Amino acid sequence: VYCFSPVINRLCEEGRVNEAFGLFEDMMTKHGVWPNVVVCTSLIHGLCRTGRWREARNFLGSMIRWGISPDVFTFTIVLAALCKEGRVREALDVLEQMSNWGIKPHVITYTSLIYGFCRLGEFGKAIALLDKMKSDAVPPDVITFNVLLDALCKVGRVKEALAMYRLMMQRSTRPDTFTYNILIYGLCHSGQWEEAMRLLDEMLHLKIFPDTITLSGILDAFSEQGMMEKARKLFEEMTRRGPKPDIISYNTLIKGYCLLGEMDKAEEVFEEMASKGDLPDIISYNTLAIGYIKADRIYVAFKLVEDAT
RNA sequence: CAGUGUUGUCAUC
């Protein structure tokens, strides 16, 4: 099983679930190896990820019939997949099923549910769960907080996110790069630049360093607000000192120029990526093409679409 | 280190 398991898991991760099941069958019939909860859970994960919920349910039933008991991983995986789809109602059913098996949810289980509630904009329920964690002696961790911070920022409740961040610090939960990426993104996009820079200092102080995502978030805020001189400056700084811009950073810069109708500059960046290692992707083409359409240069857009294919 | 949760770009919604 220990040999088959990683391979089956890899196939599931790549979405090659049918092949994974093929190997699973071979494992049992040709090699006489009896499955365990880990292999079965990997397969269930694969099914959930590809939206094959019915089969996931059935397979869960099968494994139980084979005398293989699902564990906290099994339930959490199904629950998290449902939450990601916004199907929190069904996720709660899984939670109940889980407790029928006498399995206690752990931090990842709760965090997934909180993510689900946030996705639906049900912040009250998300916070209630956070409180329940504390009373259940399942302490929220940095990811739990990151989920809440991100959801609050994304609906424009940045002030509450900052309050939550302070709460998290009070509980001595150490923030990570994600935490700051989320908050700085939220602050910059709501025009609170000074506060954003304050947080940037704070993260450096804790020896948590900005990465490409941090700076691309800022770059995007500059781009959306038409502050292209600053965007360009930041981009050049990234090129010189790092963290290095990646394809998304390029696309972000292109977007900024397109929004201002500065198509020459946008084109320049586009050309530049081709000469560096980052080849334009479908999003680069899309962004530029739509920019041209908005600038009433539809012919150029057609040409681009042609190039892209 | 055999399996689970969070962050940046276009369009769609």
Side-chain angles (χ1 to χ4, degrees), chain A residues 1-10 12-13 20 35-46 48-49 70-84 86 91 94 105-116 118-119 140-151 153-154 161 175-186 188-189 210-224 231 243 245-256 258-259 266 269 273 278 280-291 293-294 304-305 308:
Chain A
V1 205
Y2 291 85
C3 300
F4 285 95
S5 188
V7 180
I8 289 177
N9 188 49
R10 177 63 68 89
C12 287
E13 271 177 8
N36 65 6
V37 61
V38 174
V39 193
C40 292
T41 299
S42 281
L43 289 164
I44 289 177
H45 195 186
C48 289
R49 232 196 313 254
D71 62 11
V72 62
F73 281 75
T74 317
F75 287 113
T76 299
I77 284 166
V78 176
L79 180 146
L82 287 166
C83 287
K84 196 164 293 177
V94 173
H106 63 188
V107 57
I108 298 183
T109 319
Y110 280 117
T111 301
S112 304
L113 273 170
I114 289 177
Y115 181 90
C118 286
R119 242 190 66 108
D141 64 11
V142 58
I143 299 186
T144 315
F145 281 107
N146 287 346
V147 166
L148 281 158
L149 295 179
D150 184 51
C153 284
K154 291 287 154 63
D176 62 9
T177 310
F178 281 53
T179 314
Y180 288 104
N181 290 355
I182 290 162
L183 290 172
I184 291 172
Y185 181 96
C188 292
H189 280 78
D211 60 12
T212 301
I213 297 186
T214 321
L215 300 184
S216 293
I218 300 174
L219 200 62
D220 186 59
F222 283 146
S223 293
E224 293 206 327
D246 63 8
I247 188 162
I248 296 186
S249 321
Y250 275 106
N251 290 343
T252 303
L253 202 59
I254 292 174
K255 163 173 113 173
C258 286
L259 285 174
V269 177
M273 24 188 340
D278 283 309
D281 64 2
I282 185 68
I283 295 185
S284 324
Y285 277 97
N286 233 347
T287 308
L288 198 60
I290 289 171
I293 291 170
K294 291 205 175 122
L304 270 172
V305 173

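In what follows, every chain begins at residue 1, and chains take the letters A, B, ... in the order their sequences are listed. Since the structure is predicted, the reported quantities are computational estimates derived from the model, not experimental observations. Note: hydrogens, waters and symmetry copies are ignored here, and every other heavy atom, side chains too, is used.
When distances are taken from the side chain of Thr76(A) to each of U7(B), G3(B), U4(B), the shortest belongs to U4(B). Closest to the Ala80(A) side chain, of the nucleotides A11(B), U4(B), U9(B), is U4(B). Each of U4(B), A11(B), U7(B) was ranked by its minimum atom distance to the side chain of Phe73(A); first place goes to U4(B). Side chain of Asn286(A), nearest nucleotide from G3(B), A2(B), A11(B): A11(B). Comparing U7(B), G8(B), A2(B) against the side chain of Pro6(A) picks out A2(B) as the nearest. Between U7(B), G8(B), U9(B), one nucleotide has an atom nearer to the side chain of Ser249(A) than all others, and that is G8(B). Taking only side-chain atoms of Tyr115(A), from C-beta outward, the nucleotide of G8(B), A2(B), U6(B) with the closest atom is U6(B). For Asp220(A), the listed nucleotide lying nearest its side chain is U9(B); candidates were G3(B), U6(B), U9(B). Set against A2(B), U7(B), U4(B), the side chain of Asn36(A) has A2(B) as its closest nucleotide.
Residue side chain Ser42(A) does not reach the base of G3(B) through any donor-acceptor N/O pair under 3.5 Å, judged by distance alone. A donor-acceptor contact under 3.5 Å is formed by the side chain of Thr111(A) with the base of G5(B). For Asp71(A) against G3(B), a side-chain N or O and a base N or O form a donor-acceptor pair under 3.5 Å.
Among the atoms of the strands shown, base atoms are found under 4.0 Å from some heavy atom of Thr74(A). Heavy atoms of Val147(A) sit under 4.0 angstrom from primed sugar atoms or phosphate atoms, though from no base atom. Residue Ile213(A) is classed as a base contact, given a heavy-atom separation below 4.0 Å to a base. Nucleic acid contact for Thr179(A): none, since no nucleic acid atom lies under 4.0 Å from a heavy atom of the residue. Among the heavy atoms of the strands lying under 4.0 Å from Thr252(A) are primed sugar atoms or P, OP1, OP2 only; no base atom is included. Across all strands shown, Val7(A) has no heavy atoms under 4.0 Å from either base or sugar-phosphate atoms. Contact annotation for Thr212(A): base contact, defined as any heavy-atom pair under 4.0 Å involving a base atom.
With both ends at atom C1', the span from G8(B) to U4(B) equals 24 Å, rounded to whole Å. C10(B) and U6(B) are spaced 23 Å apart, taking the C1' atom of each and rounding to whole Å. Atom P of G5(B) sits at a distance of 13 Å from the matching atom of C1(B), rounded to the whole Å.
A straight line from OH of Tyr180(A) to P of U7(B) spans 18 Å, rounded to a whole angstrom. Atom CG in Leu43(A) sits roughly 13 Å away from atom P in U4(B) (whole-Å rounding). Atom CD1 of Ile293(A) is separated from atom P of A11(B) by 11 Å (rounded to the nearest Å). Between the C1' atom of G5(B) and the CD1 atom of Ile108(A) lies a distance of 5 Å, rounded to the nearest Å. The separation between Tyr250(A) atom OH and C10(B) atom P is 18 Å, rounded to whole Å. For Ile143(A) and U6(B), the CD1 to C1' distance is 6 Å, given to the nearest whole Å. Rounded to an integer number of Å, the gap from Ile182(A) CD1 to G8(B) P is 8 Å. One interatomic measurement links the two molecules: CG of Leu219(A) to P of C10(B), which rounds to 12 Å at whole-angstrom precision.
Using a 4.5 Å cut-off on side-chain heavy atoms (C-beta onward), Asn251(A) and Asp281(A) make contact. Residues Cys258(A) and Ile290(A) are not in side-chain contact: their nearest non-hydrogen atoms beyond the backbone lie 4.5 Å or more apart.
Of the N and O atoms on the side chains of Thr214(A) and Asp211(A), at least one donor lies less than 3.5 Å from an acceptor on the other residue. Between the side chains of Asn146(A) and Asp176(A), a donor-acceptor pair is found at a separation under 3.5 Å.
For the pair Asn36(A) (side chain) and Val39(A) (backbone), a donor-acceptor distance under 3.5 Å is present.
Rounding to the nearest 0.5 Å places OG1 of Thr252(A) at 9.5 Å from CD1 of Ile283(A).
For the residue pair Leu183(A) and Ala161(A), the shortest heavy atom distance occurs at CD2-CB, 4.0 Å.
Ion pairing between Glu13(A) and Arg49(A) fails under the 4.0 Å rule for side-chain N and carboxylate O.
Between Lys294(A) and C10(B) there is no side-chain N or O to OP1 or OP2 distance below 4.0 Å. Dashed line: the shortest gap from a side-chain N or O of Lys84(A) to OP1 or OP2 of U4(B) is not under 4.0 Å. Lys255(A) has no side-chain polar atom (N or O) that falls below the 4.0 Å cut-off from OP1 or OP2 of U9(B). Dashed line: the shortest gap from a side-chain N or O of Tyr185(A) to OP1 or OP2 of U9(B) is under 4.0 Å.
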